[in-house]
Amino acid sequence: MRTVYVNGDYLPETEAKISIFDRAFLMADGVYEVTSVLGGKLIDFAGHLTRLERSLDELDMKKPAAFDNLLDIHRELVRVNEIEDGLVYLQVTRGSDGDRDFVFPDRETTEPTLVLFTQSKPGLAQSPQAEKGLKILSIDDLRWGRRDIKTVQLLYPSMGKMMAKKAGCDDAWMIEDGHVTEGTSNNAYIVKGNKIITRQLSNDILHGITRAAVLRFAREAQMDVEERPFTIDEAKAADEGFVTSASAFVMPVVEIDGQALGDGTPGPVARRLREIYLDESLKTAV
Ligand code: PDD
């Protein structure tokens, strides 16, 4: 049985408890991070911590008391759960003042809730999906306007994933005004004539930690990167596509709405970036 962390305690998962009045349960008033673990070490931990701090600030949410110990807590959970490859999920919520109210509870008297748990995924970096590539379905982007904040409001992305599965696809890319915003749980890229194109940062998309690293590595490798919106039609006519996230790293896209990209197999740019990302991020893993 897993050991999880709840508000200062390490507990068996069946003994962990949160109030039914917790703001995240009633109002999705919480933020989260997912950090991958490879070879027992955390990938891009500093980036995830920085983004967590930003998400909390943007929502005027108090930092949990254990904020400065988050690295130790991550490491302890990885250790006690014997995670070689997998993920650490972290969630901070606005907590509970024992009732339901749209008004935020007093931040002086209401402590945030902090929860962490691990997910074991042996062979996470050797995913067979990376050899096959993803089939993508395009869907409307019906999310709220602050997608840069990593909140636990994941109902629409979850529905998007189900729409994709129903259509025989692996994932969905969301479209706003004809342009791709991002994947249901990843950032989206196309490659045309050796140029890597991905939407620029704004409130429209999550500022992916993997995205930042991959773009840095791509530029260091003298690859051409253009940060701008691209249309779904442009994507369907691209040479290749891929997505990035903490759990998928760099994952090739081979088909959009039934239209094959290039020859319909993972492209060379996506393959190379996956290799570079895994090599380089392992070097700085903690
Ligand atoms: N999802 N865009 C969205 C909407 C996401 O949910 C995610 C991450 C990303 C990629 O961000 P990063 O590279 O920092 O993981 C982009 C996580 C993995 C999840 O919800 O499980």
Side-chain angles (χ1 to χ4, degrees), residues 24 28 30-38 42-55 58 74 85-92 115-121 124-125 127 129-130 134 136 138-164 170-176 179-189 196 198-218 227 229 241-251 253 270 273-274 276-278 280-281 284-285:
V31 299
Y32 75 109
E33 283 295 333
V34 176
T35 304
S36 60
V37 179
L38 291 178
L42 299 157
I43 302 294
D44 257 330
F45 179 78
H48 289 285
L49 193 69
T50 303
R51 185 174 61 193
L52 174 64
E53 195 167 7
R54 179 179 182 278
S55 293
E58 291 296 315
H74 277 73
D85 297 333
L87 306 169
V88 180
Y89 177 90
L90 169 156
Q91 181 169 328
V92 182
V115 168
L116 289 94
F117 60 82
T118 54
Q119 292 182 292
S120 179
K121 309 229 177 233
L124 182 63
S127 159
Q129 190 79 63
L134 301 175
I136 299 294
S138 68
I139 61 172
D140 286 341
D141 196 336
L142 300 182
R143 298 174 299 163
W144 78 326
R146 290 303 306 275
R147 304 155 190 160
D148 57 310
I149 308 172
K150 199 164 171 61
T151 75
V152 297
Q153 293 183 70
L154 296 175
L155 182 54
Y156 188 69
S158 191
M159 289 169 76
K161 203 83 103 178
M162 295 312 293
M163 290 182 233
D170 303 298
D171 203 351
W173 279 9
M174 294 178 280
I175 314 295
E176 193 167 60
H179 293 84
V180 175
T181 53
E182 58 188 331
T184 57
S185 61
N186 43 57
N187 290 115
Y189 308 72
I196 300 163
T198 192
R199 197 181 179 98
Q200 74 279 15
L201 297 182
S202 70
N203 292 353
D204 298 340
I205 62 170
L206 187 74
H207 302 187
I209 301 307
T210 319
R211 177 189 183 281
V214 164
L215 293 186
R216 190 172 72 246
F217 297 142
E227 293 181 67
F242 60 95
V243 298
T244 64
S245 77
S247 48
F249 312 114
V250 177
M251 187 62 72
V253 166
L273 280 175
R274 181 176 174 88
I276 299 178
Y277 177 76
L278 287 170
E280 293 298 318
S281 53
T284 54

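Indexing begins at 1, ligand by ligand and atom by atom, following the structure's order. The model shown is predicted, which means the values in this text are computed figures rather than measured ones.
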field: Step-by-step salt bridge (charged side-chain N to carboxylate O under 4.0 Å, His left out) determination, Lys150 to Glu33
entry: CA-CA 7 Å; Lys150 199 164 171 61; Glu33 283 295 333; 5.5 Å; no

Geometric class of the Phe249/Tyr277 ring pair [parallel <30°, tilted 30-60°, perpendicular >60°]
tilted

- Evaluate the ring planes of Tyr189 and Phe242, with Trp represented by its six-membered ring, and classify them as parallel (under 30°), tilted (30 to 60°) or perpendicular (over 60°). parallel

Check: Is any NZ, NE, NH1 or NH2 atom of the basic residue among Arg211 and Glu182 found under 4.0 Å from an Asp or Glu carboxylate oxygen of the other?
Finding: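 Not counted as a salt bridge, because no side-chain N and carboxylate O are separated by less than 4.0 Å.
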
Go ahead and list the nitrogen or oxygen contacts between ligand 1 and the protein that come in under 3.5 Å, distances to 0.1 Å, or just say none.
unit_1	atom_1	unit_2	atom_2	d
ligand 1	1 (N)	Lys150	NZ	3.3
ligand 1	1 (N)	Ser185	O	3.3
ligand 1	2 (N)	Glu182	OE1	2.7
ligand 1	13 (O)	Ile209	N	3.4
ligand 1	13 (O)	Thr210	N	3.0
ligand 1	13 (O)	Thr210	OG1	2.6
ligand 1	14 (O)	Arg51	NH1	2.7
ligand 1	14 (O)	Arg51	NH2	2.9
ligand 1	14 (O)	Ile209	N	2.8
ligand 1	15 (O)	Ala246	N	2.8
ligand 1	20 (O)	Tyr32	OH	2.6

Those residues at least two apart in sequence (or on a different chain) that pass side chain to side chain contact (heavy atoms under 4.5 Å, CB included) with Ala46 are none

Could you check whether Ser185 and Lys161, counting side-chain N and O atoms only, form a donor-acceptor pair closer than 3.5 Å?
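Short answer, yes.
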
